[in-house]
Structure formats: C-alpha cells, structure tokens
**Q** 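The structure is given below, and queries will be raised subsequently.
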Amino acid sequence: MALALAEAEAAAARGEVPVGAVITAADGRIVASAGNRVEELKDPTAHAEILVLRAAARLLGTPRLVGCDLWVTLEPCPMCAFAVALARIRRLYYGAEDPKMGGVDHGPRIFASPACHHRPEVYGGIGERRAAELLRAFFRERRRER
C-alpha cells in the first residue's frame with residue numbers, strides 16, 4: 001500500500017484526485033503501478049485502477065490477471081469495480097471508504113450483483129488514515145481556490 005499511497009501523492013501533485021493503485025503478482029512482486037490521470041489525459045476513465053489494470057495486462061500479455069492482487073488507496077467506483085471483476089483479480093485491498101461513489105462496500109456493491117461473474121476477496125481499511133488524509137487535504141485546497 002505504500003507504493004499506492006506514493007502514486008496518490010504524485011497524482012495530487014499533478015492536480016489529480018489523489019488515488020493510487022498497484023498490482024502485485026501471486027509471489028508479491030510489483031507488476032504495475034499508477035495514479036489518477038483523468039485531467040492530464042482528458043479521459044474520464046483514466047482512474048488509477050483502470051490504468052494499472054491496463055498496464056498489468058499489457059505487461060503480462062493477458063486480459064485475465066488471475067492470481068494478481070490490486071492495492072488501491074480509495075474504494076473503487078462502480079466502473080473500476082466491474083473492471084476488477086473482468087480482470088479476475090484475486091484480492092482487492094483498498095484504503096479509504098467512499099460512501100458517495102464507492103462500488104464495492106457502498107453504492108451498487110458490484111461484486112454482490114448477479115451480473116458479476118467473478119468476486120475477488122476484499123479487504124478494506126488498509127492504510128485508510130493516510131489515504132483519507134490525502135483526499136481531505138486535496139479537496140480542502142480545491143475549496144480554498146474557488
């Protein structure tokens with residue numbers, strides 16, 4: 001989670017919502033890491049989770065990341081949660097909860113949907129304090145700029 005938090009900090013420094021993500025292989029080695037790039041790429045789907053899934057799939061040469069784990073600083077939104085299921089991620093570890101836009105333990109709870117054919121193991125609250133602090137500071141600063 002430390003690398004995911006570093007990616008979130010780098011995203012904030014670029015003016016992006018501070019979310020970072022890392023994919024690890026079954027043996028624990030880091031496969032890929034990414035931070036949000038929605039503003040930079042002018043792409044509403046350029047969430048950290050989507051970017052890291054794409055990078056890992058490209059590096060491993062497969063769209064199914066069986067045995068891989070995803071570490072992300074914020075509970076994935078519904079779009080990202082469904083992408084996690086499509087990628088067949090083994091375990092999802094996330095930091096801060098997202099009661100407004102979350103899609104795992106809040107909102108539509110994608111993995112509980114009958115349309116979802118793969119459900120990773122989910123572990124929330126990993127590095128939650130630091131992840132939540134990054135988000136609060138980012139949005140506090142945004143409100144001041146207005």
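Residue numbers run from 1 in the order of the sequence given.
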**Q** Nearest 0.5 Å please: distance from the CD atom of Glu9 over to the OG1 atom of Thr73.
**A** 10.0 Å
**Q** Look up atom CZ in Phe82 and atom CD1 in Ile50, then write down how far apart they are to the nearest 0.5 Å.
**A** 12.0 Å
**Q** I need the minimum non-hydrogen distance between Ala131 and Ala96, along with the two atoms involved.
**A** CB-N, 4.0 Å
**Q** Measuring from atom SG of Cys77 to atom NE2 of His106, what distance do you get when rounded to the nearest 0.5 angstrom?
**A** 14.5 Å
**Q** Could you tell me whether Glu141 and Arg144 have a side-chain N and a carboxylate O separated by less than 4.0 Å?
**A** yes
**Q** Rounded to the nearest 0.5 Å, how far apart are CG of Leu74 and CD of Glu97?
**A** 10.0 Å
**Q** Ignoring hydrogens and angles, tell me if any N or O in the side chain of Glu7 forms a donor-acceptor pair with the backbone of Ala21 under 3.5 Å.
**A** no
**Q** Consider only side-chain heavy atoms of I, L, V, M, F, W and Y, link residues closer than 4.5 Å, and tell whether Ile110 and Val72 are in one cluster.
**A** yes
**Q** Closer than 3.5 angstrom, by distance alone: can the side chain of Asn36 be matched with the main-chain N or O of Val17 as a donor-acceptor pair?
**A** yes
**Q** Are the side chain of Glu75 and the backbone of Gly124 linked by a donor-acceptor contact shorter than 3.5 Å?
**A** no
**Q** Excluding sequence neighbours, so at least two apart, what forms salt bridge (charged side-chain N to carboxylate O under 4.0 Å, His left out) with Arg91?
**A** Asp69, Glu121
**Q** List, by chain and then residue number, the residues other than Tyr123 in its hydrophobic cluster (Ile/Leu/Val/Met/Phe/Trp/Tyr, side-chain heavy atoms under 4.5 Å); write none if there are no others.
**A** Met1, Leu3, Leu5, Val22, Ile30, Trp71, Tyr93, Ile126, Leu134
**Q** For the residue pair Ala57 and Pro63, what are the closest heavy atoms and their distance?
**A** CB-CA, 4.2 Å
**Q** State the NE2-CE distance between His47 and Met79, to the nearest 0.5 angstrom.
**A** 4.0 Å
**Q** Start with the C-alpha distance between Leu60 and Cys68, add both sets of side-chain angles, then the distance that settles side-chain contact (heavy atoms from CB on, under 4.5 Å), and finish with yes or no.
**A** CA-CA 11 Å; Leu60 297 175; Cys68 290; 3.9 Å; yes
**Q** Distance from Glu49 atom CD to Ile23 atom CD1, nearest 0.5 Å?
**A** 10.0 Å
**Q** Assess whether side-chain contact (heavy atoms from CB on, under 4.5 Å) is satisfied between Arg14 and Arg37, documenting all intermediate values.
**A** CA-CA 8 Å; Arg14 292 189 304 271; Arg37 292 190 180 275; 3.3 Å; yes
**Q** Can you see which heavy atom on Pro18 is nearest to which on Ala11, and at what distance?
**A** CA-CB, 4.3 Å
**Q** Quick check: closest heavy atoms across Arg54 and Asp43, and the distance to 0.1 Å?
**A** NH1-OD2, 4.2 Å
**Q** For Arg136 and Glu133: C-alpha separation, side-chain torsions, deciding distance, then whether salt bridge (charged side-chain N to carboxylate O under 4.0 Å, His left out) applies.
**A** CA-CA 5 Å; Arg136 278 193 298 272; Glu133 285 172 8; 5.1 Å; no
**Q** Please check if atom CZ in Arg64 has more than 12 non-hydrogen atoms from other residues, nucleotides or ligands closer than 6.0 Å.
**A** no
**Q** Let me check something: do Val19 and Phe139 share a hydrophobic cluster, defined by ILVMFWY side-chain heavy atoms less than 4.5 Å apart, either directly or through other members?
**A** yes
**Q** Treating Arg109 as the side-chain partner and Gly102 as the backbone partner, does any N or O pair qualify as donor plus acceptor under 3.5 Å?
**A** no
**Q** Do Leu92 and Leu51 share a hydrophobic cluster, counting only Ile, Leu, Val, Met, Phe, Trp and Tyr and linking them when any side-chain heavy atoms are less than 4.5 Å apart?
**A** no
**Q** Kindly work out whether a path of hydrophobic side-chain contacts (I/L/V/M/F/W/Y, heavy atoms less than 4.5 Å apart) joins Val52 to Val38.
**A** no
